[in-house]
Amino acid sequence: MCGFIGKISANEINHEHLLAQNKMITCRGPDETKIQHGSLSEYNRSLNLHYALIFNRLAIIDLTDNASQPMYSKKFNTLILFNGEVYNHKILRKSLEAEGIDFSSDHSDTEVLLTGISKHGIKFIDSVIGQFSVVFFDFNTMKVFLIRDRVGQKPLFYSVDKNNLSFSSNLKSLAKLEGNRSINQSSVVDFLNYGVIPSPKTLFENIYKVKPGEMIEINMGNYFTIQNKSTYWDIESFRSEEKFNNKEFLSIFNEAVEQRMQADVNVAALLSGGIDSTSVVKSLASKS
């Protein structure tokens, strides 16, 4: 679902080069490609930085233009790029509306995420049920946050130095954008040993993965300094010696499947032949 690429730099950005790297991402968002670029001084006079953002949208919830991205909040002076889906966006929206928040879209989960973080801070992510990779800009504090969902379903890669911050949902696009041809040899060893390259490393030097359940806080006004890395969710905290409860599990499982059926387009099920996809389809069939 969806895909994006972006860069913030103290130097001029080659927009044609950025567009060329986006060609590998357009397949992830066939419904709309939105390009936004300029100077961040438009949002904060102290941010004398150039920026360029491209978002490729696969429209699932709220198919209107009001749900397009990059999405900017004039009220809070914040902006978001968000790949994924928030399954409890209706509940979160009602809560925000009860606090007096007005929404521009009819039922966009992106706007709920943008507004919730803007209003309550980055800890709002704790209340979000979904799968997501998020790039959130707070122009008031001159910070950008990179956030990945709890178990890393949605990819998010980044590269940072004192003059630049680049990010993308596609590793090859980001590597070509940065002109990076340097292979991380320790990553090769990891791949040969384990069959995967563990986060935060990637195959390339100086390009990293945001870890599952991680938030990275970067100060745009101070040479793109990484001020904080924190883990907001850890599967180890859910370990238990209690006996497995079939009834409780099936209740949670069926509720999870039902949550993922929210869409303004047709929903399909992919059967791989495994127990997981078969169980999902059985859960759906039992309700229809």
Side-chain angles (χ1 to χ4, degrees), residues 1-9 11-40 42-43 49-74 78-86 89 103-115 117 130-137 139 144-149 153-159 164-180 207 209-210 262-268:
M1 293 186 292
C2 304
F4 56 79
I5 187 169
K7 185 166 187 172
I8 312 163
S9 180
N11 308 310
E12 291 283 348
I13 297 172
N14 186 332
H15 296 146
E16 294 300 319
H17 185 50
L18 188 68
L19 280 166
Q21 309 324 316
N22 186 62
K23 289 179 180 178
M24 287 184 282
I25 312 175
T26 52
C27 59
R28 292 174 60 92
D31 296 318
E32 179 188 39
T33 295
K34 188 174 177 182
I35 304 166
Q36 188 171 323
H37 57 81
S39 171
L40 290 186
E42 302 166 22
Y43 305 103
L49 298 168
H50 304 278
Y51 79 96
L53 309 171
I54 305 178
F55 193 89
N56 307 283
R57 185 184 182 200
L58 176 65
I60 295 175
I61 294 177
D62 196 335
L63 312 184
T64 67
D65 291 342
N66 285 337
S68 292
Q69 299 184 54
M71 184 180 286
Y72 174 70
S73 169
K74 187 175 181 180
T78 53
L79 182 145
I80 198 169
L81 295 166
F82 156 58
N83 169 32
E85 191 172 347
V86 177
H89 66 98
F103 287 83
S104 300
S105 67
D106 183 65
H107 58 287
S108 167
D109 58 341
T110 302
E111 189 176 14
V112 169
L113 193 55
L114 170 62
T115 305
I117 298 175
Q131 50 179 303
F132 45 83
S133 62
V134 176
V135 181
F136 177 82
F137 295 86
F139 298 116
V144 58
F145 295 86
L146 308 178
I147 311 166
R148 196 171 176 201
D149 61 58
Q153 289 175 274
K154 294 302 176 186
L156 183 52
F157 306 94
Y158 70 97
S159 178
N164 305 279
L165 169 64
S166 303
F167 48 83
S168 180
S169 52
N170 185 285
L171 177 59
K172 289 182 180 179
S173 294
L174 187 57
K176 288 188 175 183
L177 178 66
E178 296 299 289
N180 192 334
I207 295 181
K209 288 181 279 194
V210 178
Q262 299 179 61
D264 296 331
V265 293
N266 293 332
V267 177

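For clarity, every value in this text was computed on a predicted model and none was experimentally measured.
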To the nearest 0.5 Å, how far apart are CZ in F103 and OG1 in T115?
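Here the rounded value is 4.5 Å.
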
Over 60° means perpendicular and under 30° means parallel, so classify the ring planes of F139 and Y43, tilted if in between.
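The arrangement is parallel - the two ring planes meet at less than 30°.
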
Heavy-atom pair of closest approach, residues S169 and G3
OG-CA, 3.3 Å

Begin from the C-alpha positions of F167 and L81 and carry the test side chain to side chain contact (heavy atoms under 4.5 Å, CB included) through to its verdict.
CA-CA 11 Å; F167 48 83; L81 295 166; 3.5 Å; yes

Spacing of K154 atom NZ and R148 atom CZ [to the nearest 0.5 Å]:
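Here the rounded value is 10.5 Å.
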
For the side chain of S173 and the backbone of Q21, is there at least one donor-acceptor N/O pair under 3.5 Å apart?
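Between the backbone of Q21 and the side chain of S173 there is a qualifying donor-acceptor contact (under 3.5 Å).
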
Determine the minimum heavy-atom distance between Q69 and I80, stating which atoms define it.
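For Q69 versus I80, the nearest heavy atoms are OE1-O, 3.9 Å.
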
Minimum heavy-atom distance between F82 and L113, given as atom pair plus value:
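Looking at all heavy atoms of both residues, the shortest contact is CD1-CD2, 3.6 Å.
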
Is there side-chain contact between I117 and T78, with heavy atoms separated by less than 4.5 Å?
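Side chain of I117 against side chain of T78, heavy atoms only: no contact under 4.5 Å found.
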
Just wondering, are more than 12 heavy atoms of other shown residues or ligands nearer than 6.0 Å to CG in D65?
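No.
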
List the atom of L79, the atom of P70, and the distance in Å for their closest heavy-atom pair.
CD2-CB, 4.0 Å

Just verifying a value: how many Å separate S166 OG and I13 CD1, rounded to the nearest 0.5 Å?
7.5 Å

What pair of heavy atoms forms the shortest contact from L156 to S133, and how long is it?
CB-CB, 3.9 Å

Aromatic plane relationship, F55 with F4 - under 30° parallel, 30 to 60° tilted, over 60° perpendicular
parallel

Does a side-chain heavy-atom distance below 4.5 Å link I61 with H107?
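Yes - at least one pair of side-chain heavy atoms lies under 4.5 Å apart.
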
Side chain proximity check, S168 to I25, heavy atoms < 4.5 angstrom
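S168 vs I25: side chains touch.
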
Quick one: does S108's side chain get under 4.5 Å of M71's, heavy atoms only?
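Answer yes - side chains close enough.
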
Do the side chains of N170 and I5 get nearer than 4.5 Å, heavy atoms only?
no

Kindly compute the distance separating CD1 (I54) from NE2 (H15), expressed to the nearest 0.5 Å.
9.0 Å

Would you mind telling me which of T33, D31, T26 makes a side chain to side chain donor-acceptor pair (under 3.5 Å) with N56?
T33

Go through the steps to decide whether L114 and F136 satisfy the test side chain to side chain contact (heavy atoms under 4.5 Å, CB included), and finish with yes or no.
CA-CA 8 Å; L114 170 62; F136 177 82; 3.8 Å; yes

Tell me whether the count of non-hydrogen atoms from other residues, nucleotides or ligands lying under 6.0 Å of NZ in K34 goes above 12.
yes

Which value, rounded to the nearest 0.5 Å, describes the distance between R57 atom CZ and C2 atom SG?
7.0 Å

Measuring from N22:CG to I35:CD1, what's the distance to the nearest 0.5 Å?
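The CG atom of N22 sits 7.0 Å away from the CD1 atom of I35.
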
Quick check against the 3.5 Å criterion: does E111 have a side-chain atom that pairs as donor or acceptor with the backbone of S104?
yes

Partners meeting ring pair (Phe, Tyr, Trp, His ring centres under 6.0 Å) with Y158 (sequence neighbours left out)
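Once residues adjacent in sequence are excluded, the partners of Y158 under the ring pair (Phe, Tyr, Trp, His ring centres under 6.0 Å) criterion are Y208.
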
Distance-only, no hydrogens or angles: does the H50 side chain make a donor-acceptor pair with backbone N or O of K7 under 3.5 Å?
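Checking the backbone N and O of K7 against the side chain of H50, no donor-acceptor pair under 3.5 Å is found.
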
Specify the closest pair of heavy atoms between D62 and D106, including all atoms of both residues, with the distance to one decimal.
OD2-N, 3.3 Å

